[in-house]
Amino acid sequence: MGRETCSSLAKHNPKRLFIAARNGKGAGAVINDIKRMAPEVEVVFVECDLASFWSVKEAAGRISSSTDRLDVLFCNALEFRCFPWNDVR
């Protein structure tokens with residue numbers, strides 16, 4: 001779902017498209033596809049592991065410090081765990 005959602009959003013020529021993923025390796029292919037499809041769209045990779053509260057907080061800080069406007073946010077997680085938060089730094 002993440003790849004298709006990002007590709008669909010890019011077709012509408014947003015000014016900037018943030019792509020958050022656990023690592024750049026997986027996101028790199030999506031970013032390259034989007035740059036070929038919509039070269040005028042600025043694509044920004046943000047490292048973010050949705051299983052880690054600390055990672056989400058850091059990613060939110062990076063995004064909010066780099067833009068004054070965020071129109072749409074999709075939160076796509078394929079894994080769900082029930083455990084006490086032990087990653088709050």
Side-chain angles (χ1 to χ4, degrees):
M1 180 180 145
R3 175 187 289 266
E4 291 302 317
T5 300
C6 292
S7 295
S8 294
L9 289 170
K11 291 176 185 175
H12 296 281
N13 296 314
K15 178 179 178 183
R16 185 178 303 141
L17 181 61
F18 292 96
I19 295 182
R22 280 183 295 236
N23 61 61
K25 183 179 178 183
V30 175
I31 291 169
N32 290 335
D33 288 348
I34 290 171
K35 287 183 177 181
R36 278 192 298 274
M37 179 181 61
E40 66 283 352
V41 175
E42 178 187 356
V43 183
V44 179
F45 169 70
V46 179
E47 187 173 342
C48 180
D49 181 357
L50 292 176
S52 165
F53 177 77
W54 178 83
S55 179
V56 172
K57 185 176 178 181
E58 289 290 310
R62 286 192 298 275
I63 292 170
S64 67
S65 69
S66 66
T67 188
D68 61 345
R69 180 176 171 162
L70 184 64
D71 294 319
V72 179
L73 173 66
F74 286 93
C75 190
N76 179 33
L78 296 176
E79 184 175 327
F80 180 77
R81 298 181 198 174
C82 292
F83 56 88
W85 288 102
N86 58 5
D87 189 26
V88 180
R89 298 177 193 175

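- Val72 and Ile31 fall within a single hydrophobic cluster, where Ile, Leu, Val, Met, Phe, Trp and Tyr side chains are chained together by heavy-atom contacts under 4.5 Å.
- Nearest approach of Gly24 to Phe45, heavy atoms of both residues: N-CZ, 3.4 Å.
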Side-chain donor/acceptor pairs under 3.5 Å, residues 6-16, sequence neighbours excluded:
| residue | atom | partner | partner atom | Å |
| --- | --- | --- | --- | --- |
| Ser7 | OG | Arg3 | O | 3.0 |
| Ser8 | OG | Glu4 | O | 3.0 |
| Arg16 | NE | Glu42 | OE1 | 3.2 |
| Arg16 | NH1 | Ser66 | O | 3.2 |
| Arg16 | NH1 | Thr67 | OG1 | 3.4 |

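- A continuous path of hydrophobic side-chain contacts links Val30 to Val41 [ILVMFWY only; heavy atoms under 4.5 Å].
- Summarising the geometry, atom CD1 belonging to Ile34 is positioned 5.0 Å from atom CG belonging to Leu17; distances are rounded to the nearest 0.5 Å.
- Between Asp49 and Val56, the shortest heavy-atom distance links the atoms O-CG2, 3.8 Å.
- With sequence neighbours left out, the salt bridge (Lys or Arg N to Asp or Glu O under 4.0 Å) criterion links Arg62 to no other residue.
- Distance check, rounded to the nearest 0.5 Å: SG of Cys48 to CD of Glu58 gives 10.0 Å.
- Linking ILVMFWY side-chain heavy atoms closer than 4.5 Å, directly or via other members, places Ile63 and Phe74 in two distinct hydrophobic clusters.
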